[in-house]
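Computed from a predicted model, the values in this text were never measured in an experiment.
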Amino acid sequence: MTTLQIALRVLLLTSLVGCSTSVPEAGAPPSPLDRVAGDAVATGIPGVSIALIEPDGSITTGVAGVEDRATRAATTEASLFHSGSTTKAVTAAAALILVDRRRLALDATLPDLLPADVIEGVPHSGRITVIQLLEHRSGLYSPNNDPKYLARYIGPERSRLPFWVEPEIVAFAADPDNEPANLPGEGQRYSDTNYVLLSLIVEAVAGEPFKAFVQREVFDRLGMPKTYFLSDRPDAARVRGYTMDSDIIRDIGLDPALEADSEGYIDTTDAQEQSDGAAGIILTVADLGRFAYGATQTDLLSPASRQVFLGVADGIGDVGDGESLGVLRGYAFDYGRVVTSEGDGPGTNTLWAMELDSNRIVAVAINLFGRWDESDYLLNELVPAALAIKR
């Protein structure tokens with residue numbers, strides 16, 4: 001569940017609308033990226049889609065496995081995955097576009113931007129700023145691992161209650177029982193609440209629905225034709241998402257209708273989050289790569305906003321240091337320094353990672369959650385394997 005920032009040299013390149021995507025011909029031998037994906041499937045992941053985006057915007061893709069364990073339908077370049085918290089980077093970009101247009105200030109507070117009834121009861125709302133939301137420094141309660149919150153996704157309340165909607169998530173964080181982690185600006189704690197509030201701010205400032213603004217200003221500008229919001233098309237066909245059965249999952253209080261198959265896979269596709277600004281986007285891995293490239297290496301954002309978006313790199317130290325969280329996460333690995341956007345949730349794990357020395361980007365999605373090593377596996381195995389492929 002996700003995050004976010006870096007300072008690096010800026011390449012003002014053209015939009016991705018016309019960039020090329022390499023798709024293997026039918027019957028062609030496996031490509032290097034296909035083999036990387038195949039190695040992941042061999043570990044028990046049902047399906048894998050991976051893309052490598054070069055500094056000129058060109059994209060190559062690789063796939064392996066199945067997008068549906070029941071039908072055995074193969075994963076393809078067109079497979080649509082639930083993005084999870086990689087959605088947050090899109091919301092951050094939307095907010096920064098408004099900053100670039102001088103319609104939104106990073107130091108504006110919640111009462112400056114949202115009606116009193118929307119933020120009623122939100123602790124310290126008068127001190128919470130836009131930049132604190134972007135950097136997860138508001139201190140607001142995180143619902144992400146709260147059993148009461150998860151009960152409506154995979155628990156016993158799933159069958160009788162609808163998914164959480166934005167005002168409910170804000171109210172949940174404002175509940176007196178859900179105390180803030182810290183005062184605004186005095187600590188850092190990842191929370192979906194921050195990005196729910198950002199989506200409401202974008203909508204209020206833009207004067208139009210959040211999803212309409214993102215569609216026009218991000219998806220359309222970057223040539224992401226297959227991307228959509230799950231809340232708009234909840235019943236549309238997409239990759240089936242699987243959660244591994246475990247004591248941790250059972251302790252949350254699993255809906256009896258969500259039964260594991262003989263190999264321990266639970267189909268949790270219909271339990272995926274629909275929060276538009278925090279975890280609600282459906283896309284192909286190529287489109288995920290197009291967004292990553294567009295936000296970091298084109299004029300979608302001004303140089304100043306791109307530095308905010310990528311500012312986490314200032315906190316990346318020597319190889320072996322831990323993560324540094326801002327708009328994105330930054331890591332130092334043996335294979336190089338990377339800035340990443342990561343997302344997980346019932347049934348999927350998604351990630352894009354940009355290697356700072358080369359500006360090459362790897363985007364990947366798998367339809368598995370609950371093995372508890374997925375993010376480490378993607379960052380330590382799949383990303384370096386893809387980056388090792390020469391042009």
Pairing residues for Ser79 by the side-chain hydrogen bond (donor to acceptor under 3.5 Å, both in side chains) criterion, not counting sequence neighbours: Glu67
Who passes side chain to side chain contact (heavy atoms under 4.5 Å, CB included) against Glu54, sequence neighbours left out? Leu52, Asp56, Ser58, Arg360, Arg391
Applying salt bridge (charged side-chain N to carboxylate O under 4.0 Å, His left out), can you list everything that pairs with Arg101, at least two apart in sequence or on another chain? Glu217
Pair listing, salt bridge (charged side-chain N to carboxylate O under 4.0 Å, His left out) test, anchored in residues 366-377, at least two apart: Arg371-Asp373
Taking salt bridge (charged side-chain N to carboxylate O under 4.0 Å, His left out) as the definition, give me every residue that meets it alongside Asp146, ordered by chain and number, with sequence neighbours left out. none
Output every pair passing salt bridge (charged side-chain N to carboxylate O under 4.0 Å, His left out) with a member in residues 102-114, not counting sequence neighbours, ordered by first then second residue. none
We want to know whether Tyr190 and Ser85 form a side-chain donor-acceptor pair, criterion being a heavy-atom distance below 3.5 angstrom. yes
Rounded to the nearest 0.5 Å, what separates atom OG1 in Thr75 from atom CG in Asn367? 6.0 Å
Determine which pairs satisfy salt bridge (charged side-chain N to carboxylate O under 4.0 Å, His left out) with at least one residue from residues 195-209, sequence neighbours left out, and list them in order. Glu208-Arg216
With sequence neighbours left out, write down each residue that passes side-chain hydrogen bond (donor to acceptor under 3.5 Å, both in side chains) with Asp175, or none if nothing qualifies. none
Interatomic distance, CD1@Ile282 vs CG@Asp287, rounded to 0.5 Å, equals 12.0 Å
Assign the ring pair Trp164 / Phe172 to parallel, tilted or perpendicular, where the plane angle (0 to 90°) is split at 30° and 60°. perpendicular
For residues 346-355, pull every pair meeting salt bridge (charged side-chain N to carboxylate O under 4.0 Å, His left out), keeping only residues two or more places apart or in separate chains. none
Under the salt bridge (charged side-chain N to carboxylate O under 4.0 Å, His left out) test, which residues partner Asp100, sequence neighbours left out? none
From Asp34, Thr76, Leu33, residue fulfilling side-chain contact (heavy atoms from CB on, under 4.5 Å) relative to Val63: Asp34
Acceptor/donor pairs from residues 118-126 side chains to any protein atom, 3.5 angstrom cut, sequence neighbours excluded:
none

Can you name the side chain to side chain contact (heavy atoms under 4.5 Å, CB included) partners of Ala365, sequence neighbours left out? Phe81, Val285, Thr350
